[in-house]
2 protein chains.
Amino acid sequence: MSPRPAKSSRPAASSLMADAVPGDAARLTMADLAERAQVSIITVSRALRDSPSVREDTRRRIQDLAREMGYRFNATARNLRLQRSHTIAVVVDMKPTPERPMSGPFPLDLLGGICQELTTAGYNVLLTTGQSQPAAAVQAADGAILLGQGADDTAVRQLLPMGVPLVVWGAPQPGVDPVFVGSDNHQGGALAAARLIETGRRRLVFLGDTRHRENAERLHGFTETLASAGAVLVALAPCDFTFNAGVAAVRGLLTDTPGGFDGIFACSDAIALGAMRALTEAKLTVPDDVSVIGYDDTPMAAFHTPALTSVHQDWTEGGVRLAQAVLALINGEHPDSLILPTRLVVRAT
Amino acid sequence: MSPRPAKSSRPAASSLMADAVPGDAARLTMADLAERAQVSIITVSRALRDSPSVREDTRRRIQDLAREMGYRFNATARNLRLQRSHTIAVVVDMKPTPERPMSGPFPLDLLGGICQELTTAGYNVLLTTGQSQPAAAVQAADGAILLGQGADDTAVRQLLPMGVPLVVWGAPQPGVDPVFVGSDNHQGGALAAARLIETGRRRLVFLGDTRHRENAERLHGFTETLASAGAVLVALAPCDFTFNAGVAAVRGLLTDTPGGFDGIFACSDAIALGAMRALTEAKLTVPDDVSVIGYDDTPMAAFHTPALTSVHQDWTEGGVRLAQAVLALINGEHPDSLILPTRLVVRAT
DNA sequence: GCATTGAATGACATCGATAACAATAGTAAC
DNA sequence: GTTACTATTGTTATCGATGTCATTCAATGC
């Protein structure tokens with residue numbers, strides 16, 4: 001019972017002071033506290049967890065001791081013992097374009113919603129980019145959320161067999177199984193179509209890569225509504241989500257589309273802005289000659305002149321729902337896939 | 001030696017099939033593999049790690065077995081044994097404004113850079129919002145990165161004593177110790193001032209909350225440059241980072257500033273856009289009557305009409321540097337605080 | 001033929017915390 | 001005074017993987 005137990009091994013490598021300094025490199029364990037407090041390890045464990053089966057004063061004594069000795073709890077050990085990590089992996093599976101690693105409004109607000117919900121539920125959020133193999137990270141997690149506007153479903157196929165509860169952001173896919181949460185792309189397309197028709201447009205153009213399932217849904221809703229109103233889709237230009245892709249696509253259409261067009265629905269605000277640039281170049285005015293509707297309702301849509309009409313999705317809400325879905329799965333429930341409504345923000349174009 | 005070892009306990013709650021299904025809920029351990037392969041646990045461990053001390057065919061046999069039995073590695077156990085988590089906590093400490101949980105261009109690209117660097121270095125990224133107490137998450141990490149435009153340094157003071165290598169994004173603070181990585185706010189302010197002066201402006205306004213150290217730096221650089229050119233700061237309006245704050249601030253200034261002003265430097269693009277709105281309301285034109293410079297070079301700056309001149313910071317690079325700094329710390333090195341250059345993107349205003 | 005060497009494998013302890021059960025104390029009831 | 005009972009604390013095994021130090025076996029050298 002020496003007053004200074006001297007944790008035999010493990011020298012405090014980077015510490016200048018003797019020891020027991022809060023923030024000391026040599027990490028204390030419950031055993032150390034137990035020895036100092038002259039109690040057993042389990043009592044320390046209980047005391048630190050506020051177990052009612054530890055006498056009030058003992059508990060306080062141990063907690064104080066822990067504080068003053070700078071004890072730091074080892075979550076890894078608990079996780080091992082308790083067989084859960086309280087961690088959800090968020091896999092951001094972006095195309096390997098280095099030009100924009102994770103941009104757009106996309107994952108940020110979504111992440112915000114996810115974090116908000118998961119941290120209040122006591123879970124940690126482990127962030128992974130699809131670049132590396134997510135394997136290791138995901139395996140350690142209690143659940144996983146997949147974000148990414150992937151045109152293919154390789155990521156899903158990779159993640160699914162790992163046996164971790166999985167929720168995917170996007171449009172439900174026919175072949176694969178997991179729970180999906182997404183916004184109503186079909187409705188988004190329909191809203192855009194309805195608006196264009198309402199403003200008297202009849203010869204419409206769709207800009208977007210329909211290999212992305214979400215875009216395919218938008219196209220579907222778009223054409224469906226068109227058909228029922230006697231308008232026609234005069235062109236479908238596959239294009240990336242970028243400004244430049246929008247410029248290029250519309251430049252092409254201006255020469256290639258016999259009969260021209262008077263309305264554009266773009267799968268992102270960036271595309272829409274690019275499209276408007278190309279229209280302006282060609283001495284066409286928006287919205288007098290051509291009406292344009294974008295997607296995502298980003299700040300740049302609002303501040304562009306003329307202000308861009310755009311389909312709005314509530315990313316934060318989406319994030320929250322994603323989180324809730326994983327938690328439900330972990331809980332053994334079987335949440336249904338979920339489709340969140342979109343709404344059209346009408347502006348000048 | 002029954003052909004079906006039947007991991008006694010732990011019923012496979014959510015599994016419909018019998019067992020050994022890849023993705024089965026009952027998680028296999030190395031012990032299970034060992035039993036099936038008629039080798040010891042440690043041999044399995046070595047085989048799965050491609051240890052050269054396991055015979056080629058044994059190794060392959062075990063690896064195949066692991067694959068077909070759907071074995072999932074338990075990182076928690078390894079981390080406990082190896083005394084490291086290979087995890088970096090990223091604490092996003094935003095003001096508790098629920099209106100924008102994590103927006104702005106701010107953490108997204110930064111996060112992108114961080115992820116990119118850390119995942120390639122084999123580390124995981126644990127995301128935490130400052131809302132909850134970051135304690136638990138951070139303690140389990142090998143290192144931590146603090147992001148947040150906090151006006152105060154409570155977060156730093158909270159994190160620092162936890163004994164985890166810490167790197168902070170922002171402006172180095174006099175009182176506190178940790179390693180900082182940030183962009184050169186002083187230079188940003190100076191650039192803005194130089195540009196305004198260059199375009200003939202003499203009576204200037206600063207919009208931003210200088211309790212934020214980064215803004216204080218900008219102001220410092222701004223006024224310093226002003227002074228040396230004979231221009232004057234006629235008003236300093238503390239204001240939030242938002243559009244509305246910008247509108248309100250400038251409305252106030254328009255009535256309260258004797259002699260008026262001909263140049264505005266705003267601490268965010270949103271503020272700048274708000275300022276322009278207020279100017280337009282007052283029948284002033286930009287840049288003829290008043291020149292405006294924003295900060296962050298967001299998409300909305302570029303697409304606004306007139307296009308907003310703005311100070312650009314390379315977030316992704318910042319993220320990479322943050323990551324490198326933590327890794328260095330973990331490695332026992334003592335990296336210096338780092339200040340990244342900014343540049344002015346000159347547009348119409 | 002026997003010692004020596006090396007390759008391959010195994011037994012055991014260990015990381016730090018916790019559940020299940022055991023044990024001790026002190027108190028109340030009769 | 002003895003039994004039953006509660007409050008409090010302790011003992012032991014355990015989570016799953018891995019480092020350390022044996023151990024086994026075959027090949028090699030003399």
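When reading the values below, keep in mind they use all heavy atoms of this one structure, side chains included, and skip hydrogens, waters and symmetry mates.
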Look at the side chain of [X] and decide which nucleotide, out of [options], has an atom nearest to it.
X      : options                   : answer
S40(B) : dG10(D), dC15(D), dG10(C) : dG10(C)
A77(A) : dG16(D), dA17(C), dA17(D) : dA17(C)
T29(B) : dA11(C), dG16(D), dG19(D) : dG16(D)
T58(B) : dA17(D), dT9(C), dA19(C)  : dT9(C)
V39(A) : dG10(D), dA13(D), dC15(C) : dG10(D)
N74(B) : dT11(D), dA17(D), dT18(D) : dA17(D)

Any chance you could measure T58(B), atom OG1, to Q63(B), atom CD, to the nearest 0.5 Å? 11.0 Å
Roughly how many Å is it from [atom1] in [X] to [atom2] in [N], rounded to a whole number?
X      : N       : atom1 : atom2 : answer
Y71(B) : dG16(D) : OH    : C1'   : 8 Å
I42(A) : dA23(C) : CD1   : C1'   : 15 Å
M30(A) : dT9(D)  : CE    : P     : 16 Å
D32(B) : dC15(D) : CG    : P     : 10 Å
R78(A) : dC15(D) : CZ    : C1'   : 14 Å
E56(B) : dA7(C)  : CD    : P     : 16 Å
Q38(A) : dG10(D) : CD    : P     : 10 Å
L82(A) : dA20(C) : CG    : P     : 10 Å

Carboxylate-amine/guanidinium contact R61(B) D64(B), below 4.0 Å: no
Students often get this wrong, so: under 4.0 angstrom with heavy atoms, is [X] touching a base, only sugar-phosphate, or nothing?
X      : value
V54(B) : sugar-phosphate
I41(B) : base
R46(A) : base
T43(A) : sugar-phosphate

Please state whether the base of dT14(C) and the side chain of R81(B) form at least one donor-acceptor pair under 3.5 Å? yes
Looking at V164(B) and V138(B), what are the two nearest heavy atoms and their distance? CG2-O, 3.8 Å
Residues forming a salt bridge (Lys or Arg N to Asp or Glu O under 4.0 Å) with D336(A), sequence neighbours excluded: none
So, OP1 or OP2 of [N]: does either fall under 4.0 Å of a side-chain N or O from [X]?
X      : N       : result
S45(B) : dT18(D) : yes
Q83(A) : dG16(D) : yes
R49(B) : dG19(D) : yes

Heavy-atom check, side chain of V125(A) versus side chain of I145(A), under 4.5 Å: no
Is V90(B) close to L322(B) at the side-chain level, that is, under 4.5 Å between some pair of heavy atoms? no
Just report the end-to-end axis angle for the helix from dG1(C)-dC30(D) to dC30(C)-dG1(D), five pairs per end, to 10 degrees. 50°
So, S85(B) versus D142(B): side-chain donor-acceptor pair below 3.5 Å or not? yes
When T76(A) and R55(B) are each assigned the nearest nucleotide of DNA chain C, the 5'-most assignment goes to R55(B)
For atom CZ of R84(A), is the number of surrounding heavy atoms from other residues, nucleotides or ligands below 6.0 Å larger than 12? yes
